[in-house]
Undergrad: 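Here it is: the structure, laid out below.
Fair warning: this is a prediction, and the values are worked out from it, not measured in the lab. Residue numbering restarts at 1 for every chain, and letters A, B, ... go by the order of the sequence lines.
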There are 2 protein chains.
Amino acid sequence: MHPATPFKAATLHDVARQAGVSPITASRALSNPKLVSENTILKVQAAAQAVGYIPNLLAGGLKSKRSLMVAGLVPTISVAQFLPTVQALTETLADAGYQLILGQTGYDHAREEALINTMISRRADGIVFTGLVHSATARERLRRVGIPVVETWDLSERPIDMLVGFSHLKVGSAIAGYFLGKGWQRVGIATGDDHRGALRREGFLATIGKDVPTAVVPAPSSLALGRRALADLLRQDPKLQAVYCSSDQLAQGVLAEAQARGIRVPQELAVCGFGNADFAAHMQPSLTTVHVDGAAIGRLAAQLVIDRCNDTPIQNPVVDVGFSIIERRSTSLSQA
Amino acid sequence: MHPATPFKAATLHDVARQAGVSPITASRALSNPKLVSENTILKVQAAAQAVGYIPNLLAGGLKSKRSLMVAGLVPTISVAQFLPTVQALTETLADAGYQLILGQTGYDHAREEALINTMISRRADGIVFTGLVHSATARERLRRVGIPVVETWDLSERPIDMLVGFSHLKVGSAIAGYFLGKGWQRVGIATGDDHRGALRREGFLATIGKDVPTAVVPAPSSLALGRRALADLLRQDPKLQAVYCSSDQLAQGVLAEAQARGIRVPQELAVCGFGNADFAAHMQPSLTTVHVDGAAIGRLAAQLVIDRCNDTPIQNPVVDVGFSIIERRSTSLSQA
DNA sequence: CTGTTAGCGCTTTCAA
DNA sequence: TTGAAAGCGCTAACAG
């Protein structure tokens, strides 16, 4: 009953006949008008309208070897962190006539590899990953196929192809520098057990210059885990002055636990998060955190893929979008 | 340089030759093994492996008239409300071999119509909307094309095709009933200016049995707008006992404004939100709200499309997933 | 169980 | 500026 197109769709043939031209002329009139006379264009457009023509991109793509689709592979769409990236990606692509195919890897290598194959099967014109591709098999296959690839939200010495991200090492380092500038020496870390969190921790420790109390929690991080993390850290050092958290969710929990214990923030304990979530500015006290322009990452990634598809020379296949520390009340009384 | 597939991909032909069978047999061995002898299957699989075969779904779809793609049209992906739906949709589809093409309508009719055309052009096997399709032109076109359509997150007397949602009228009515049950007569509404919010307000008023102070705020609703909304409502009735907010974000703002004015919640003012956002359970006080199973909506919608594509008889093309009021501290001292 | 034939709807290439 | 021929890579329909 519904294989997909139960109605007999009008084809370019029908349009051509209606317009009294050859199919190829009709094709050109609709998708490459420069090659056709004004008069013909009008005739064909009228004919297309008359027969209710809707082009079949599958057929076009088969011949032209361009699907006008780009794959976007995220761990899960519900990671709020990546939403502005996905949104900007989708928008920028749509403006250029491309659509995004969404794939959720679920942090699973096997699933990721399967999805990559699927996207190649669909002849996606490019693949954008939120994160790096870690599986060696997948990296190798992507390189061999030669499909445009953009990795994002991280830096790498050897990206598969193109990359838009920032240095998590530097983030950790910057936060440590910020803490040191405030004169806090007794500091701790509450971090998720993921790759990027580990990098930030590494940068943090390098700048602090010593090991510090650390609570590692499993992904996905949450308020509840943040509470437990602070309890853990206070056990390691009851006189902690400042905590860096690898996500704003975790920081939210740390703040809640501090409140429950009657520890004043920031007077007795300073807290810094990561991600600049919606709620960060509105917490009590408002949360100091690290902001990353996720929308810019999406826009830039989309543009890189589009440029590649158009053979536009690409100036910089690796873009560092940087980050910024947003100081709020949770680390500074002088902030609103 | 990179039209899409710069490398010369192996085709089914190459696999067939390598295996010493005809192309169609190779095709069947890989995608419909029941029709082929065990021995042949093994030969073909080995051949596919050997030549590094990656099927071309574009070509298959052209012939078989099934693209194995389903369009998901959302206003914006960053509406947190719809995330569980999109996630479940993507997952359920992927498990059945379908991929989701994401489209963002941006609450714009023209854009929505353009996207629908695009998805038809791509021969999507189905379209899932978060919300109803309001443009008459679009509804008409979708009906004529006969493509499986699922509208969600709402009910309708005349869905285009299939529907998974719940009654916003009943939500409003249920909240009003809950307020009345608590003995609160001086109640108010803070609501967004959207269609569904208006329906809930209508249900609320019908059950309360009289008009009540209302503050309407423009979308997207936010904490800041919630603060202003409460100020507005208190101007209309300084002795307000309870407020229903059309989103948890709004409720967050109402709570913040109450706190700023020294109004105790729930003792002096009760507050109810909508959506059961992540943060609702963790606010101070925790927020009473309305929960909707967005993931179930996504799963069911995906299943409906899949069933349609497989000509599986559909028992119930309209599913009401209901909702539930989650009582927390913002309306009840006896809650944790 | 396997093969032949034909063609999905479009666009590339070449020629007029 | 327009057209004819050919075929992208795959699978439905039928025959063997």
Side-chain angles (χ1 to χ4, degrees), chain A residues 3-44 47-48 51-68 97 120-125, chain B residues 3-44 47-48 51-69 97 120-125 311:
Chain A
T5 0
F7 77 123
K8 181 61 193 147
T11 72
L12 203 48
H13 245 88
D14 304 323
V15 176
R17 191 174 22 205
Q18 173 87 12
V21 298
S22 75
I24 181 58
T25 301
S27 166
R28 286 197 274 248
L30 295 174
S31 45
N32 213 343
K34 290 172 207 165
L35 302 177
V36 177
S37 78
E38 181 106 12
N39 188 10
T40 310
I41 293 176
L42 292 174
K43 271 195 307 188
V44 172
V51 300
Y53 174 62
I54 301 181
N56 183 332
L57 254 48
L58 254 46
L62 181 56
K63 184 71 198 179
S64 66
K65 304 214 169 290
R66 303 163 140 275
S67 63
L68 296 179
I120 296 175
S121 269
R122 295 195 178 282
R123 296 299 186 262
D125 290 338
Chain B
T5 2
F7 76 123
K8 181 61 193 146
T11 72
L12 202 47
H13 245 89
D14 303 324
V15 176
R17 191 174 23 200
Q18 173 88 11
V21 298
S22 75
I24 183 61
T25 302
S27 167
R28 287 197 274 248
L30 294 174
S31 44
N32 214 343
K34 289 172 209 165
L35 303 177
V36 177
S37 79
E38 181 105 14
N39 187 12
T40 308
I41 293 176
L42 292 173
K43 270 194 309 189
V44 172
V51 301
Y53 175 63
I54 301 180
N56 183 332
L57 254 49
L58 254 46
L62 182 58
K63 183 72 199 179
S64 67
K65 306 219 169 284
R66 304 162 139 275
S67 63
L68 295 178
M69 298 190 301
I120 296 175
S121 268
R122 295 196 178 284
R123 295 301 184 261
D125 290 338
D311 286 332

Undergrad: If you compare all heavy atoms of Val44(A) against all heavy atoms of Ala19(A), which two are closest, and at what distance to 0.1 Å?
TA: CA-CB, 4.1 Å
Undergrad: Let me spell it out: for each of Val21(B) and Asn32(A), pick the nucleotide of DNA chain C with the closest heavy atom. Which residue's pick is nearer the 5' end?
TA: Val21(B)
Undergrad: Could you tell me the separation between the CG atom of Asn39(B) and the C1' atom of dT2(C), rounded to a whole number of Å?
TA: 13 Å
Undergrad: Measuring only between side-chain heavy atoms, which start at C-beta, is Leu57(A) closer than 4.5 Å to Arg123(B)?
TA: no
Undergrad: Nearest whole Å is fine: how far is dT11(D) P from Ile24(B) CD1?
TA: 7 Å
Undergrad: Starting from P on dG9(D), measure out to NZ on Lys63(B) and report it in whole angstrom.
TA: 16 Å
Undergrad: If you check the Thr11(A) side chain, which of dG9(C), dA12(D), dT2(C) turns out closest?
TA: dG9(C)
Undergrad: Do any side-chain nitrogens or oxygens of Ser37(B) fall under 4.0 Å of OP1 or OP2 in dT2(C)?
TA: yes
Undergrad: Verify the contact: side-chain N or O of Thr40(B) to OP1 or OP2 of dT2(C), cut-off strictly under 4.0 Å; return yes or no.
TA: yes
Undergrad: If you assign Arg28(B) and Gly60(B) each to the DNA chain D nucleotide with the nearest heavy atom, which residue ends up on the more 5' nucleotide?
TA: Gly60(B)
Undergrad: From NZ of Lys34(A) over to C1' of dT1(D), roughly how many Å is that when rounded to an integer?
TA: 16 Å
Undergrad: Atom CD of Glu38(A) and atom C1' of dT1(D): how far apart are they, to the nearest Å?
TA: 13 Å
Undergrad: In whole angstrom, what separates Leu57(B)'s CG from dC8(C)'s C1'?
TA: 15 Å
Undergrad: Using whole Å, report how far CG of Leu12(B) lies from P of dC8(C).
TA: 20 Å
Undergrad: Which sits closer to the 5' end of DNA chain D, Ser27(B) or Leu35(A), going by the nucleotide each is nearest to?
TA: Leu35(A)
Undergrad: Considering all heavy atoms of both residues, which atom of Leu58(A) and which atom of Ser67(B) are nearest to each other, and what is their separation?
TA: CD2-CB, 4.1 Å
Undergrad: Are the side chain of Ser121(A) and the backbone of Pro55(B) linked by a donor-acceptor contact shorter than 3.5 Å?
TA: yes
Undergrad: Is the base of dG9(D) touched by the side chain of Arg123(A) through a donor-acceptor pair closer than 3.5 angstrom?
TA: no
Undergrad: How long is the line joining CG of Leu58(A) and C1' of dC8(D), in whole Å?
TA: 12 Å
Undergrad: Kindly give the heavy-atom pair with the smallest separation between Val15(B) and Ala47(B), and that separation in Å.
TA: O-CB, 3.5 Å
Undergrad: Of the candidate nucleotides dC10(D), dT11(D), dC8(D), which contains the atom at the shortest distance from the side chain of Asn56(B)?
TA: dC10(D)
Undergrad: Thr25(B) has a side chain; which of dT2(D), dT2(C), dC8(D) sits nearest to it?
TA: dT2(C)
